[in-house]
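Counting convention: from 1, in listed order, for ligands and their atoms alike.
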Amino acid sequence: MSTIAVIGLGNMGGPMAANLVSAGHDVRGFDLAEQACATASAAGVTVAGSGTEAVREAEVVITMLPAGQHVLTAYDELLPASADGAVFVDCSTIDATSARTAHEKAAAAGRRSVDAPVSGGVVGAEGGTLTFMAGGETDAVQAAGPILAVLGKRTVHCGPGGAGQVAKMCNNMVLGVSMIAVSEAFVLAERQGLDPQALFDVMSTSSGQCWAVSTNCPVPGPVPGSPANREFAGGFAAPLMLKDLRLADAAADEAGLTLRLGRTATERYTEFVDREDRVRDFSAIIEDVREAAS
Ligand code: NAD
């Protein structure tokens, strides 16, 4: 049994902390939101009065926070309060520059650190089936390994500090672009009188095959579990897709690159999210594609 601190007990951090409790660990949690603390407490997490109190005896400190500035502010507060030998694992999705800065702060405080953003969403967090994209020194990633193995089914060590965030934004840029491309294909098929099931049967077994077709198909019918079958409720929220696309854009800018499809996807999702009056799965972009194509 290990003592583990989880800072940020929201949609992702909450169920992750609960899974660590179920695996027999002593989990100390903290969140600024009372409701998140109450839910975590009901799941067996020992809710601390502050982040510093939560990390004091922890061997592993997990942060699951909204954005880079939250992580850096938290690290400034938590690192000096943490125990010798503690490993800091940031599972938030943040910009690569902040991730590298977080590693520098940890190293300056004599702590090992890993950036370990996740794929799998709330369902993966609840089911303990996340995929972690890890960046950091090998011994830090190895030290975090047994805990990440409770929370997910796979950890890929992508490289040095920040590499996990870069891998995540690259993957999600492909996802954002491919969902728009798949939506355009289904809209074209619709207009040409092709049955969406027929198009799915072809694409899911041909060179057009991708996650946006096979798992998260944007039209109802072919994949019964895809959000399109429940009016795009649940799934991977469009604002989170937009967040990840913007991180990829910012990283491209920083590297002096012009990535035209990534940029176009960011623009399309910005317009889409701005117009939405509710939060839906990112595959609802097909409605925007249908309208724009008319
Ligand atoms: P969330 O908003 O539900 O949870 C974040 C929590 O952090 C909130 O409860 C907030 O009160 C808390 N918080 C903010 N600052 C804090 C601080 N200083 N100390 C303690 N708590 C603090 O967000 P989420 O959906 O859990 O996402 C967390 C991270 O995971 C984000 O970076 C997100 O991009 C990433 N992510 C989310 C999903 C998803 O499907 N929700 C999927 C993959 C990755």
### Task
Carefully, step by step, assess D95 and S98 under the rule side-chain hydrogen bond (donor to acceptor under 3.5 Å, both in side chains).
CA-CA 6 Å; D95 59 287; S98 295; 2.8 Å; yes

### Task
Please test T39 against Q35 for side-chain hydrogen bond (donor to acceptor under 3.5 Å, both in side chains), starting from the C-alpha separation and ending with a verdict.
CA-CA 6 Å; T39 306; Q35 184 56 52; 3.3 Å; yes

Check ligand 1 against the protein and report each N/O to N/O distance under 3.5 Å, formatted as atom name, atom name, distance.
from: ligand 1; atom 1: 3 (O); to: N11; atom 2: N; distance (Å): 2.9
from: ligand 1; atom 1: 3 (O); to: N11; atom 2: ND2; distance (Å): 3.2
from: ligand 1; atom 1: 9 (O); to: D31; atom 2: OD1; distance (Å): 3.1
from: ligand 1; atom 1: 9 (O); to: D31; atom 2: OD2; distance (Å): 2.7
from: ligand 1; atom 1: 11 (O); to: D31; atom 2: OD1; distance (Å): 2.6
from: ligand 1; atom 1: 21 (N); to: L32; atom 2: N; distance (Å): 3.4
from: ligand 1; atom 1: 26 (O); to: N11; atom 2: N; distance (Å): 3.2
from: ligand 1; atom 1: 26 (O); to: M12; atom 2: N; distance (Å): 2.8
from: ligand 1; atom 1: 32 (O); to: L65; atom 2: O; distance (Å): 2.8
from: ligand 1; atom 1: 32 (O); to: P66; atom 2: O; distance (Å): 3.2
from: ligand 1; atom 1: 32 (O); to: T93; atom 2: N; distance (Å): 3.0
from: ligand 1; atom 1: 32 (O); to: K243; atom 2: NZ; distance (Å): 2.9
from: ligand 1; atom 1: 34 (O); to: K243; atom 2: NZ; distance (Å): 2.8

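- Under the ring-ring contact (aromatic ring centres under 6.0 Å, His included) criterion, the residue pairs touching residues 57-111 are Y75-F88, with sequence neighbours excluded.
- Ion pair E267/R263 not flagged as a salt bridge, since none of the NZ, NE, NH1 or NH2 atoms sits closer than 4.0 Å to an Asp/Glu carboxylate oxygen.
- Listed by first and then second residue, the ring-ring contact (aromatic ring centres under 6.0 Å, His included) pairs involving residues 113-152 amount to none (not counting sequence neighbours).
- Evaluation of the side-chain hydrogen bond (donor to acceptor under 3.5 Å, both in side chains) rule for D281 yields N216, S283 as partners, not counting sequence neighbours.
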